[in-house]
Amino acid sequence: MKIRIKIKHLVLGVLSVMLLFIVLHMISPRIELMIAQKQVEQGNLESKAKILSIIHNTKSTKQKWKLIEKYVIEPKDTELNHRFDVFVSPDFTMASGDVDGTIHFTQDEGMPLLRQYVQGAPAGRFLKFAAVQLSNYYAMDGNLQASADMLEMVIQKFENDIPNGMNSDREFSSYLYELKLELASLYDGLDQPEQAAKQYEYLADAPYGGRDDITGKAALLHSEMLLRRGRPKAAKEILNRLSESSNRRNKNSEVTSRINQLNNRLQSILDGESLSTVSGTVQSREGEPMPLVGVMLRKQIDQYHSPLRSEPYQMLTDAKGQYRFEGVEAGSYQLAMGLNYEQVDGRAWSIDAGDWVEVTRGSQQSINVTMQPLIQLRTPVNNEEIGGDTIYFEWDAFPEAAYYKVNMGMQLQEGGTIMTSIANYIEENALQASVQDLYDQRVGISIGDRNDWTTVDPGGVIGFANPEGSFFWSVDAYREDGTRLTSSSGYRLNEQTIGTLPYFLLKEREETPEDRLVLDRKYDEALEGYTRKVKQNPQDVHSLRMRLRLLQLKDSLAEDTESKGSKETLIALEAMIGQRPAPMYLWELADYFYNHEEWDKYNQAFERYLSVRGNHQDYSYVDSVHATALMKQGKYRESETWFEQSIPLDPSHRFIGNYLAAHLLEKGTLESVLRLAEKYPDRRNSKEDWAVLVKRMLIESMGEPGYIEKLREKLKWIVSGDEKAIQQWVPEQGYKEIKPFVRALLNVS
């Protein structure tokens with residue numbers, strides 16, 4: 001049998017095969033990319049290598065640039081407060097994004113592609129980002145000169161385009177200006193002020209579009225550079241010229257605010273006022289300098305919000321990892337740092353909550369920062385299940401560590417995590433803990449609406465007693481003097497640093513129907529269920545614990561009981577203590593009687609608590625509350641003794657006002673009270689400056705022999721809790737500064 005095929009059919013068939021081949025050739029890499037990207041997001045590192053292979057082997061130059069733009073270039077703001085992946089300070093830490101949910105190529109992976117891009121890609125938005133990113137990589141390797149040379153080359157590419165009329169719009173020219181600012185900063189870091197000044201002077205006239213923010217920032221950075229080099233007069237002249245030549249439209253911008261602050265500091269220096277210097281070096285544990293780290297000296301008022309362009313003291317470390325702030329005004333500051341993932345990978349900054357820099361007039365301080373390697377955890381890790389009644393934590397010992405602190409946390413339903421310390425002052429690199437003790441452990445709660453307790457995240461309610469929960473832990477290492485060395489918690493971005501995962505499961509108990517009601521936020525039904533179980537079995541510890549916790553939550557949200565607690569809660573607490581007389585519950589009992597001012601019962605409960613508490617926790621808060629209780633009972637000498645030991649251990653000094661009151665009532669003088677106020681400033685409330693309040697009373701008391709007696713008389717209103725008398729008192733002439741001090745005491749908590 002013969003089969004005849006017409007020529008035209010044969011041609012069409014061949015064309016179809018060819019077209020199919022072409023289509024598959026075009027579509028296949030895209031499908032491979034989509035699959036690889038999805039796998040990377042799920043943690044498959046081999047797929048990450050696949051994406052790199054596709055980029056390297058792409059034949060089309062145009063397509064290659066697009067792939068690099070999508071996968072390799074990281075579009076970041078060049079401003080110091082936004083250019084880094086991680087921002088770290090003692091009381092505020094933030095990251096620009098979750099590295100687990102994105103494809104982050106390492107420096108070694110990204111640099112070859114970025115080099116190709118800056119060499120061959122056209123001028124534009126992505127070229128600016130690529131140049132800055134590559135510049136950062138060179139600088140992190142300590143090669144600031146290579147970084148500067150590369151920026152010079154890219155700047156030339158932009159300048160070649162603008163005169164030809166290509167992309168000469170305002171936005172395009174701004175990319176050129178930002179690159180010149182980067183270049184100027186690098187020359188400053190290379191200790192080449194003349195080269196840096198050349199760039200700043202070019203930007204003073206911003207020839208393409210006259211960007212006020214660029215010219216202002218150039219003048220600001222130029223002036224700061226001159227100040228660091230001991231030339232305040234020349235620095236002031238730069239700002240004077242800016243003021244004379246600029247019709248700045250946005251006079252309330254953050255850059256303008258920073259310029260005004262610098263102007264005032266420069267004027268103070270030129271007027272002969274003695275301002276201060278804070279400087280130092282950022283380096284690795286091996287002693288290698290870390291260039292291009294963002295360093296900020298933040299005022300107390302800024303400690304709880306993200307960094308702003310308007311903050312006056314901020315800069316990048318130079319080629320030697322050095323920073324230097326000249327003309328610093330006296331006050332309390334925190335040192336903060338901005339770091340890229342590569343700089344923080346596998347490392348931690350030895351910093352702790354409450355670390356402060358006290359700057360006095362005319363002082364010179366050197367604060368060096370050493371990035372320490374992260375602690376490696378041994379067990380429990382990698383979602384290990386704990387089924388017994390004890391849990392054994394172990395980690396690698398860290399050189400120089402005198403003791404450790406162990407923390408435990410959980411993921412919340414609403415997103416985010418919550419963590420609490422479970423043990424402190426652990427001298428060995430291991431801890432054995434009772435699972436029941438972990439169940440007792442309080443964690444913070446997240447509330448959406450105080451009028452609706454179903455908006456409370458259940459994770460904080462059930463805590464570590466959730467058998468379906470996934471928990472994590474960390475370890476902090478400390479020196480003998482209490483300064484933190486390093487931690488196990490940090491960024492681990494490659495195979496060398498990733499180590500083990502700090503997650504585990506607690507399976508000692510099984511979930512009950514009441515627990516499920518809690519996890520479903522049906523708190524009323526859960527409370528009824530736990531109450532029934534307690535009636536059926538008064539020794540059911542879990543039901544006792546959860547009933548107490550729900551009642552306490554209910555009290556905290558009710559306006560009439562939030563500060564004291566209900567009688568029903570007291571009964572539940574005493575029942576819990578009957579089964580588990582743990583320190584936490586005994587303190588809660590003492591705290592209940594404190595809030596109701598039942599002092600005999602409070603003293604008995606506190607003594608019982610004191611007899612059972614261990615040595616592995618920070619008790620500064622509890623001891624300060626006890627000192628306050630003694631003051632309220634008129635036991636001023638005993639109160640002072642407790643404050644003397646608790647206040648120095650609390651970095652926030654939140655109870656310093658009560659300490660001052662107890663000291664005055666125990667026949668202290670205003671002079672001695674002032675010394676205490678200056679030694680222990682209130683870090684929790686930046687609005688309350690106790691030293692200022694005391695100074696005003698000290699000035700007012702001169703020539704008033706009965707002043708201290710009048711002050712003690714009013715302090716006894718605080719002791720007796722007579723808030724109404726304090727608010728209604730209208731002080732006579734000569735005693736007006738007493739009332740602000742006494743009213744401030746009402747806010748101590």
Side-chain angles (χ1 to χ4, degrees), residues 386 391 407-422 433-473 503-535 540-566 568-577 579-580 582-585 587-589 591-592:
I386 308 299
I391 180 170
N407 314 290
M408 189 165 155
M410 68 179 71
Q411 188 81 29
L412 298 176
Q413 276 188 8
E414 294 288 324
T417 59
I418 195 164
M419 203 163 196
T420 187
S421 169
I422 62 171
S434 160
V435 170
Q436 287 294 326
D437 286 345
L438 295 181
Y439 294 164
D440 290 333
Q441 184 74 43
R442 296 286 186 190
V443 295
I445 58 173
S446 172
I447 304 174
D449 181 355
R450 291 187 63 85
N451 297 315
D452 180 6
W453 74 337
T454 63
T455 64
V456 174
D457 192 293
V461 179
I462 195 168
F464 301 128
N466 181 11
E468 301 305 312
S470 176
F471 307 113
F472 57 90
W473 66 292
Y503 296 98
F504 64 95
L505 309 171
L506 283 177
K507 296 292 186 180
E508 185 269 344
R509 57 177 300 275
E510 293 183 359
E511 183 185 282
T512 67
E514 292 75 24
D515 295 341
R516 176 43 51 189
L517 289 170
V518 168
L519 294 171
D520 291 339
R521 303 178 187 239
K522 298 177 180 178
Y523 297 134
D524 287 302
E525 296 173 51
L527 180 56
E528 290 175 6
Y530 289 126
T531 301
R532 280 195 303 272
K533 281 198 164 183
V534 168
K535 286 181 179 178
D540 182 346
V541 172
H542 177 69
S543 294
L544 281 167
R545 179 190 294 115
M546 291 306 300
R547 179 171 183 265
L548 171 63
R549 200 165 286 180
L550 285 168
L551 287 170
Q552 289 174 328
L553 174 60
K554 201 171 185 179
D555 286 348
S556 70
L557 299 178
E559 291 183 7
D560 57 336
T561 57
E562 65 175 333
S563 62
K564 293 186 176 183
S566 66
E568 186 181 13
T569 302
L570 173 62
I571 295 169
L573 179 56
E574 289 175 329
M576 186 70 208
I577 290 172
Q579 296 301 315
R580 276 189 63 77
M584 176 174 292
Y585 300 123
W587 164 245
E588 288 177 355
L589 182 64
D591 190 52
Y592 177 91

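Just so it is clear, the structure is predicted and the values come from calculations on it, not from any experiment.
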Ser446: what forms a side chain to side chain donor-acceptor pair (under 3.5 Å) with it, not counting sequence neighbours? none
Donor-acceptor check, side chain of Lys533 to backbone of Asp540, threshold 3.5 angstrom: yes or no? no
Do Pro467 and Arg509 come within less than 4.5 Å of each other through their side chains, counting heavy atoms only? yes
With heavy-atom distances below 4.5 Å as the criterion, would you say the side chains of Ser470 and Leu505 are in contact? yes
Would you give the length of the straight line joining atom CE of Met584 to atom CG of Asp591, rounded to the nearest 0.5 angstrom? 12.0 Å
Hey, does the side chain of Gln413 reach the backbone of Leu519 with a donor-acceptor pair shorter than 3.5 angstrom? yes
Give the intermediate values and the outcome of side chain to side chain contact (heavy atoms under 4.5 Å, CB included) for residues Leu570 and Leu589. CA-CA 7 Å; Leu570 173 62; Leu589 182 64; 3.6 Å; yes
Across all chains, not counting sequence neighbours, the salt bridge (Lys or Arg N to Asp or Glu O under 4.0 Å) partners of Arg547 are Glu568
For residues Trp473 and Asn407, determine if any side-chain heavy atom of one lies less than 4.5 Å from a side-chain heavy atom of the other. no
Criterion side-chain hydrogen bond (donor to acceptor under 3.5 Å, both in side chains) on Arg545 and Gln436, from CA distance to verdict: CA-CA 11 Å; Arg545 179 190 294 115; Gln436 287 294 326; 2.8 Å; yes
Side chain to side chain contact (heavy atoms under 4.5 Å, CB included) between Ile386 and Lys507, worked out: CA-CA 6 Å; Ile386 308 299; Lys507 296 292 186 180; over 6 Å; no
Residues two or more places apart in sequence or in another chain: which of them pass side-chain contact (heavy atoms from CB on, under 4.5 Å) with Leu553? Ile445, Trp453, Val456, Val461, Ser556, Leu557
For Tyr592, which residues count as a side chain to side chain donor-acceptor pair (under 3.5 Å) partner, sequence neighbours excluded? none
Can you tell me how far the CD1 atom of Ile462 sits from the CG atom of Leu517, to the nearest 0.5 Å? 10.5 Å
Under 3.5 Å, side chain of Tyr523 to main-chain N/O of Lys554, donor-acceptor pair present? no
Locate the shortest heavy-atom distance separating His542 from Ala465; write the atom from each residue and the value. CE1-CB, 4.0 Å
Applied to residues 454-463, the side-chain hydrogen bond (donor to acceptor under 3.5 Å, both in side chains) test, sequence neighbours excluded, yields Asp452-Thr454
Can you list the residues that meet the salt bridge (Lys or Arg N to Asp or Glu O under 4.0 Å) rule with Arg516, with sequence neighbours excluded? Glu511, Asp520
Step-by-step side chain to side chain contact (heavy atoms under 4.5 Å, CB included) determination, Asp515 to Asn466: CA-CA 8 Å; Asp515 295 341; Asn466 181 11; over 6 Å; no
Sorted by chain and number, sequence neighbours left out, side-chain contact (heavy atoms from CB on, under 4.5 Å) with Val443 holds for Met410, Thr420, Phe464
Suppose we screen for side-chain contact (heavy atoms from CB on, under 4.5 Å). Which residues come up paired with Leu548, at least two apart in sequence or across chains? Arg442, Gln552, Thr569, Ala572, Leu573, Met576, Tyr585, Glu588
Could you go step by step and tell me if Leu527 and Leu551 meet the side chain to side chain contact (heavy atoms under 4.5 Å, CB included) rule? CA-CA 8 Å; Leu527 180 56; Leu551 287 170; 4.1 Å; yes
Under the rule for side-chain contact (heavy atoms from CB on, under 4.5 Å), what residues qualify as partners of Gln579, not counting sequence neighbours? Gln539, Val541, Leu544
Test side chain to side chain donor-acceptor pair (under 3.5 Å) applied to Asp437 - qualifying residues, sequence neighbours left out: Arg580
Hits for side chain to side chain donor-acceptor pair (under 3.5 Å) against Tyr439, two or more places apart or cross-chain, chain-then-number order -> Glu508
Aromatic rings Phe504 and Phe471: how do their planes relate, parallel, tilted or perpendicular, breaks at 30° and 60°? tilted
Any carboxylate oxygen within less than 4.0 angstrom of a Lys/Arg side-chain nitrogen, looking at Arg549 and Asp440? no
